[in-house]
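One structure below.
This one's a predicted model, so the numbers in the text were calculated from it and none came from an experiment. In the text below, chain A, chain B and the rest are named by the order of the sequence lines, each starting its count at 1.
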Amino acid sequence: MTTFALCDCNSFYVSCERLFRPDLHGKPVIVGSNNDGCAVARSPEAKALGIKMGEPIFKIKDIIKRYGVTVFSSNYTLYAAISHRVMSTLEQFSPAVEVYSIDEAFLDLSHLAFIDSLKNYGFEIKSKVAKECGIPICIGIAETKTLAKLANHAAKQYPKTGGVVEINSEKIRERLLKCMPIDEVWGVGRKLTKKLQALGITTAYELANLPEKYIRQQFNVVLERTVRELNGESCIELEEHAPAKKQIISSRSFSKRITDQAELAESISSYMSRAAEKLRQQHSRAQQVNVFIRTSPFSDTPQYNCGGSFSLPHPTSDTRVLVHVAKGILDTIYKPGYLYAKAGVMLANISELSFDQADLFTPEIDTSKSQQLMTVVDQINRRFPKALFLASTGTNQGWQMARQHLSPNYMTDWAEIPLVRL
DNA sequence: TCTGGGGTCCTAGGACCC
DNA sequence: TCTGGGGTCCTAGGACCC
């Protein structure tokens, strides 16, 4: 029998910011998305003011002003460093941990399944993370990942639980499913919610009791798996080691509208450099390059939304080659006269370095030379971020995203000091 | 003025082959 | 010119997740 614990940090980005700003405890705080566009994290006090997840910040200007809501720009470097610390702490409690996202992890507790109740173990984990990392978390424990998710949701929603909920009996499972609306179920999104509601299914309990055959006919195998999981049959395994990415995307909205192709090319070059770096980090090469540019769907100016792709004769991870190709694609899709709001690149058809097919016409010396060069560039940039870049990336970058309310990099700026040594 | 970014998986449909 | 069926592979798009 399997047992999973889902540990999920409470309002993670906000908790990170508060760690260094204890004066903000008990006060409404939100963290914005890139470009300070939407609210992507909210303190409980901010939620109580009615600020919704993903709500555009310009729309809640009044609330922010009236109630003195503190706004932070996303400081991903800071959050990643704290996340790393939380995950290391969690790893002390289980032989197998799946880091599911920046703020949550599944712990395999199957080896403890013989114990009647793991609730106290949950509280132990929770207080250790609070003590060592200063981050509040909630924990859901159950036989399947989907049930653990649901238990976690209950732990968050009902303060009386103390932040830990365990499903360890049929009675508890039933009670929990009955009070959970279907849209809280992992794997049921907006569209499915609508479709299910139209059929009169409103709770997780009703969903769990639909016949499998019916689900298969009316929906698909994915929902069927969800239903099985709700009924205690574990179908989704723990993935301890993240598999290599099959596609790598790098894109951003600009801080201002762009019309000029040269400026677009700078942004494309910059995004592609980041994507290529990620590619090399996972020891892969890509063969297909995609580029897209688009105007803002929210403005009533003329719309243009276009992408193009190119397949290379040989997979590569060389930034110079990838940038060159991407700019070639931009040539073919760019149209003057539009107010561009966003651009991006995607690398696909990704293969492992070791699976490289030797080809009679691949200039072997060149590829190993390029690899050596890229390795050196990456090494230098790891120690001195953004020290080396292609000239085509530009130095002005007036399109770079806006981050008006950025907090200092408390963790990394300090943490880097001992790393600077030969 | 101002509306995030990065992923995965599944399915339907077209192209192509025998 | 019209008539068939069955299979694979690829791609685009939709749905989901955080």
Side-chain angles (χ1 to χ4, degrees), chain A residues 6-9 11-13 30-41 51-62 64 71-76 79-80 83 98-106 145-146 149 152-153 182-196 216-226 235-236 239 242-257 267 271 274-275 278-279 282 287-288 290 292 294-301 305 307-309 311 339 341-350 401-405:
Chain A
L6 175 65
C7 305
D8 192 323
C9 301
S11 318
F12 182 58
Y13 292 178
I30 62 172
V31 176
S33 61
N34 286 331
N35 279 312
D36 299 333
C38 306
V40 291
I51 298 174
K52 299 270 181 306
M53 176 67 185
E55 200 163 2
I57 290 179
F58 78 91
K59 279 190 183 170
I60 49 172
K61 273 257 159 82
D62 286 347
I64 290 173
V71 180
F72 287 99
S73 300
S74 265
N75 187 344
Y76 191 79
Y79 311 148
S83 169
E98 173 183 344
V99 177
Y100 181 67
S101 75
I102 193 164
D103 72 337
E104 61 188 296
F106 286 102
K145 282 181 160 184
T146 306
K149 271 268 189 193
N152 185 283
H153 184 75
I182 41 166
D183 57 322
E184 296 297 349
V185 175
W186 194 36
V188 177
R190 245 192 4 250
K191 286 283 167 68
L192 269 178
T193 297
K194 238 182 170 174
K195 197 169 166 189
L196 286 164
R216 198 60 173 263
Q217 280 168 356
Q218 297 294 312
F219 300 90
N220 53 37
V221 290
V222 184
L223 190 65
E224 190 197 335
R225 202 163 50 206
T226 298
C235 306
I236 307 171
E239 273 188 31
K245 303 256 179 282
K246 293 171 182 171
Q247 52 184 41
I248 292 173
I249 297 171
S250 174
S251 75
R252 284 269 184 286
S253 297
F254 307 129
S255 55
K256 56 171 187 148
R257 302 289 179 254
S267 74
Y271 301 155
R274 284 201 327 129
K278 287 191 226 169
L279 187 67
Q282 64 166 29
Q287 194 155 11
Q288 197 188 325
N290 300 277
F292 74 86
R294 70 157 214 226
T295 52
S296 167
F298 303 106
S299 98
D300 45 15
T301 48
N305 187 351
S309 67
S311 261
L339 299 169
K342 183 174 179 176
V345 303
M346 183 172 101
L347 296 173
N349 211 334
I350 289 175
M401 66 172 166
R403 299 166 97 187
Q404 263 189 22
H405 313 285

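- Out of B/dC9, B/dT3, C/dC18, the shortest distance to the side chain of A/Trp186 is found at C/dC18.
- The shortest distance between the side-chain N/O atoms of A/Ser101 and the OP1/OP2 oxygens of C/dC17 is not below 4.0 Å.
- Rounding to whole angstrom units, CD1 of residue A/Ile64 and P of B/dT3 are separated by 14 Å.
- In this structure, A/Lys245 does not reach the B/dG7 phosphate: none of its side-chain N or O atoms is under 4.0 Å from OP1 or OP2.
- Neither OP1 nor OP2 of B/dT1 sits under 4.0 Å from any side-chain N or O of A/Arg257.
- Within 4.0 Å (heavy atoms only), A/Lys194 reaches no atom of the nucleic acid at all.
- Within the nucleic acid shown, A/Val185 comes within 4.0 Å of sugar-phosphate atoms alone, with no base atom in reach, counting heavy atoms only.
- Of all nucleotides listed (C/dC16, B/dG4, B/dG7), B/dG7 comes nearest to the side chain of A/Lys278.
- Closest to the A/Lys191 side chain, of the nucleotides C/dC16, C/dC18, B/dG4, is C/dC16.
- You'll find that the side chain of A/Tyr100 is closest to C/dC18, out of B/dG6, C/dC18, C/dC16.
- A close approach under 4.0 Å does not occur between any side-chain nitrogen or oxygen of A/Lys342 and OP1 or OP2 of B/dT3.
- Classification of A/Glu104 and A/Lys149 as a salt-bridged pair holds, one side-chain N sitting under 4.0 Å from a carboxylate O.
- Backbone-only contact: A/Ile248 has heavy atoms under 4.0 Å from sugar-phosphate atoms and none from a base.
- Taking only side-chain atoms of A/Arg274, from C-beta outward, the nucleotide of B/dG6, C/dC18, B/dT3 with the closest atom is B/dG6.
- Nearest heavy atoms, A/Phe219 versus A/Leu196: CZ-CD2, 3.7 Å.
- Of the listed nucleotides (B/dT8, C/dC17, B/dT3), B/dT8 has the atom at the smallest distance from the side chain of A/Gln247.
- With both pairing distances under 3.5 Å, B/dC10 is matched to C/dG13 as a Watson-Crick or G-U wobble pair.
- Side-chain proximity of A/Arg225 to the nucleotides C/dC18, B/dG6, B/dC10 is greatest for B/dC10.
- Between A/Ser253 and B/dG5, a side-chain N or O to OP1/OP2 separation shorter than 4.0 Å is present.
- Listed candidates were B/dG5, B/dG6, B/dT1. Nearest to the side chain of A/Ser250 is B/dG6.
- With B/dT11, C/dC18, B/dG6 as the candidates, the nucleotide lying closest to the side chain of A/Val221 is B/dT11.
- When heavy atoms are screened at a 4.0 angstrom cut-off, A/Lys256 is found touching no nucleic acid atom at all.
- Looking at heavy-atom distances under 4.0 Å, A/Ile57 makes no contact with the nucleic acid at all.
- B/dC2 sits 30 Å from C/dC18 when the P atoms are compared, rounded to a whole Å.
- A/Ser296 comes within 4.0 angstrom of no nucleic acid atom, judged by non-hydrogen atoms across all strands.
- Within the 4.0 angstrom heavy-atom criterion, no nucleotide atom of any strand lies near A/Lys195.
- Using a 4.0 Å heavy-atom cutoff across all strands shown, A/Asp36 reaches no nucleic acid atom at all.
- In this structure, the nucleotide among B/dC2, B/dG6, C/dC18 sitting nearest to the side chain of A/Ile249 is B/dG6.
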